[in-house]
Amino acid sequence: MKLQNIMKSILLVLFSLTLSTALTQKEAGIFYISMHIDEDLQNELEMTHKERNFLSGYSSSPHFPGSLIEKMRDSIAKSVGEILNADAECIYSMNRKGDTVYTIGLADELEGMPVERKNKAIRTHDKDIYVRLNIWVKSSGGVSVGLPNGTHSKLKPMIKYVLVAYNKEGNKIYKEKVKVKDFGTLKSVEKDSKNGEWRVKESEVLQPEDVFAMLLKAIEKFEMEHI
């Protein structure tokens with residue numbers, strides 16, 4: 001009986017601690033994920049007319065499906081929660097029509113991510129911690145060689161991942177970053193078209209799944225170094 005009573009007491013204490021932790025866990029809102037991917041790592045085909053000034057260029061790059069962008073957001077939120085020991089989620093603003101506002105993919109920024117100003121996020125969302133992430137997927141260097149059949153280039157992609165957190169007063173309370181460079185090489189060839197009017201560049205590029213894999217590697221390294 002004494003042993004049973006001791007076990008019951010231990011279980012009661014553990015349950016109380018778990019409940020207390022759950023009730024006091026902080027909440028974190030991710031108000032901005034700024035993720036940029038260099039065009040050199042995304043453009044599969046680039047064509048530039050040698051003499052024309054109007055409509056003189058064309059390029060194509062892979063499209064990120066919405067389901068993959070959602071996975072990226074979820075992976076970031078899960079990691080932020082573990083890093084800050086908080087219940088983390090992305091938070092969004094609404095436009096006048098009541099639609100959720102996301103990044104729209106201007107220049108080399110990835111679309112579909114939360115985008116809000118810090119002060120407005122603090123004013124409109126009741127959280128304990130407010131988080132911004134700056135993520136860059138870019139080239140860490142490469143080489144180019146001019147040959148009779150065109151210019152051959154190699155690029156080595158890398159990812160930089162920066163997490164910044166603020167309290168309710170807007171003061172910075174946390175900032176850490178990691179870089180990951182151990183990825184493969186992307187090759188490209190640039191040459192004149194057969195009629196000589198266009199300069200054409202064909203490249204191996206990062207597919208959306210490759211970018212997601214790089215993001216997961218950065219998250220893994222961040223957690224290893226900062227938990």
Side-chain angles (χ1 to χ4, degrees), residues 30 32-48 50 57-80 82-83 103-113 115 131-164 175-193 198-227:
I30 304 170
Y32 195 176
I33 300 176
S34 176
M35 185 167 184
H36 292 264
I37 307 170
D38 275 4
E39 292 183 355
D40 286 345
L41 304 176
Q42 284 279 281
N43 288 341
E44 297 174 301
L45 176 65
E46 296 178 68
M47 297 178 63
T48 306
K50 292 184 174 182
Y58 166 84
S59 65
S60 65
S61 58
H63 171 71
F64 280 74
S67 58
L68 185 62
I69 292 175
E70 183 178 0
K71 287 181 181 179
M72 296 170 79
R73 294 195 303 259
D74 290 346
S75 298
I76 290 171
K78 181 177 182 294
S79 177
V80 167
E82 293 177 357
I83 291 292
T103 54
I104 58 176
L106 289 176
D108 58 358
E109 188 173 36
L110 183 64
E111 74 275 11
M113 294 296 180
V115 51
V131 178
R132 171 174 177 144
L133 289 113
N134 298 313
I135 306 167
W136 293 271
V137 177
K138 55 185 180 180
S139 169
S140 63
V143 294
S144 295
V145 179
L147 298 174
N149 63 339
T151 300
H152 294 245
S153 302
K154 294 181 180 180
L155 293 176
K156 290 184 67 64
M158 59 88 71
I159 183 168
K160 182 179 179 181
Y161 184 97
V162 183
L163 191 160
V164 187
K175 182 178 180 181
E176 294 292 350
K177 62 185 177 181
V178 295
K179 291 182 181 179
V180 185
K181 298 182 178 181
D182 54 339
F183 301 106
T185 301
L186 300 174
K187 301 176 182 179
S188 67
V189 178
E190 185 176 356
K191 58 186 177 181
D192 292 337
S193 61
W198 294 85
R199 189 66 175 172
V200 180
K201 183 178 180 181
E202 296 179 282
S203 305
E204 295 177 342
V205 298
L206 294 174
Q207 297 298 324
E209 294 78 10
D210 299 325
V211 175
F212 182 40
M214 292 177 69
L215 175 64
L216 293 180
K217 289 270 287 186
I219 288 174
E220 179 183 19
K221 183 175 181 180
F222 197 100
E223 291 178 353
M224 288 178 61
E225 294 186 1
H226 301 297
I227 290 183

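Keep in mind it's a predicted model, so treat the numbers as computed, not measured.
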Next item on the list: Evaluate the criterion side chain to side chain donor-acceptor pair (under 3.5 Å) for residue pair Ser188 and Glu204; output intermediate values, then yes/no.
Entry: CA-CA 6 Å; Ser188 67; Glu204 295 177 342; over 6 Å; no
Notebook entry, point to check: Would Trp136 and Ser34 count as a side chain to side chain contact (heavy atoms under 4.5 Å, CB included) if you check the C-alpha gap in whole Å, the side-chain angles of each, and the deciding distance to 0.1 Å?
Noted result: CA-CA 8 Å; Trp136 293 271; Ser34 176; over 6 Å; no
Next item on the list: Begin with the C-alpha distance, continue with both residues' side-chain angles, and end with the deciding distance and a verdict on side chain to side chain contact (heavy atoms under 4.5 Å, CB included) for Arg73 and Glu70.
Entry: CA-CA 5 Å; Arg73 294 195 303 259; Glu70 183 178 0; 3.8 Å; yes
Next item on the list: Please step through side chain to side chain contact (heavy atoms under 4.5 Å, CB included) for the pair Phe64 and Gln42, ending with a clear verdict.
Entry: CA-CA 11 Å; Phe64 280 74; Gln42 284 279 281; 3.5 Å; yes
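Scanning all heavy atoms of the two residues, the minimum distance from Leu41 to Leu186 falls at CD2-CD1, 3.8 Å. Between Gly112 and Ile69, the shortest heavy-atom contact is O-CG2, 3.7 Å. What you find for Val205 and Pro62 is that their closest heavy atoms are CG2-CG, 4.0 Å. Here the shortest heavy-atom pairing between Met214 and Val137 reads CE-CG1, 3.9 Å. For Phe183 against Pro157, the heavy-atom pair with the smallest separation is CD1-O, 3.5 Å.
Atom-to-atom distance recorded for Ile159:CD1 and His36:NE2 is 12.5 Å, nearest 0.5 angstrom. If you take CD1 on Ile76 and CG on Leu215, they are separated by 5.0 Å, rounding to the nearest 0.5 Å. One distance of note links CZ of Phe222 with CG of Leu133; it measures 8.0 Å at 0.5 Å rounding. Distance CE/Met72 to OG/Ser67: 11.5 Å, rounded to 0.5 Å. Between the CD1 atom of Ile135 and the CD atom of Glu109 there is a distance of 10.5 Å, given to the nearest 0.5 Å. Note that CG of Asn134 is 8.0 Å distant from OH of Tyr32, once rounded to the nearest 0.5 Å.
Between the side chain of Asp74 and the backbone N or O of Lys71 there is no donor-acceptor pair closer than 3.5 Å.
Residues Lys175 and Arg132 have side chains not in contact (no heavy-atom distance under 4.5 Å, counting atoms from C-beta outward). Val131 places a side-chain heavy atom less than 4.5 Å from the side chain of Leu163. In this structure, the side chains of Thr185 and Lys156 come closer than 4.5 Å at one or more pairs of heavy atoms. Here the side chains of Glu223 and Ser79 are in contact, with some heavy-atom distance below 4.5 Å. The closest side-chain heavy-atom distance from Val211 to Met35 is below 4.5 Å. Within the 4.5 Å cutoff, the side chain of Leu68 has heavy atoms near those of the Pro208 side chain.
Atom NZ of Lys177 is surrounded by 12 or fewer heavy atoms from other residues, nucleotides or ligands within 6.0 Å. Crowding of Glu44 atom CD: a count of heavy atoms from other residues, nucleotides or ligands under 6.0 Å exceeding 12.
When only modelled atom types and interatomic distance are considered, Glu190 and Ser153 share no side-chain donor-acceptor pair under 3.5 Å.
Ion pair Asp182/Lys217 flagged as a salt bridge, since at least one NZ, NE, NH1 or NH2 atom sits closer than 4.0 Å to an Asp/Glu carboxylate oxygen.
A side-chain contact (heavy atoms from CB on, under 4.5 Å) with Asp38 is found for one member of Asn43, Leu206, Asp108, Leu155 and no other, namely Asp108.
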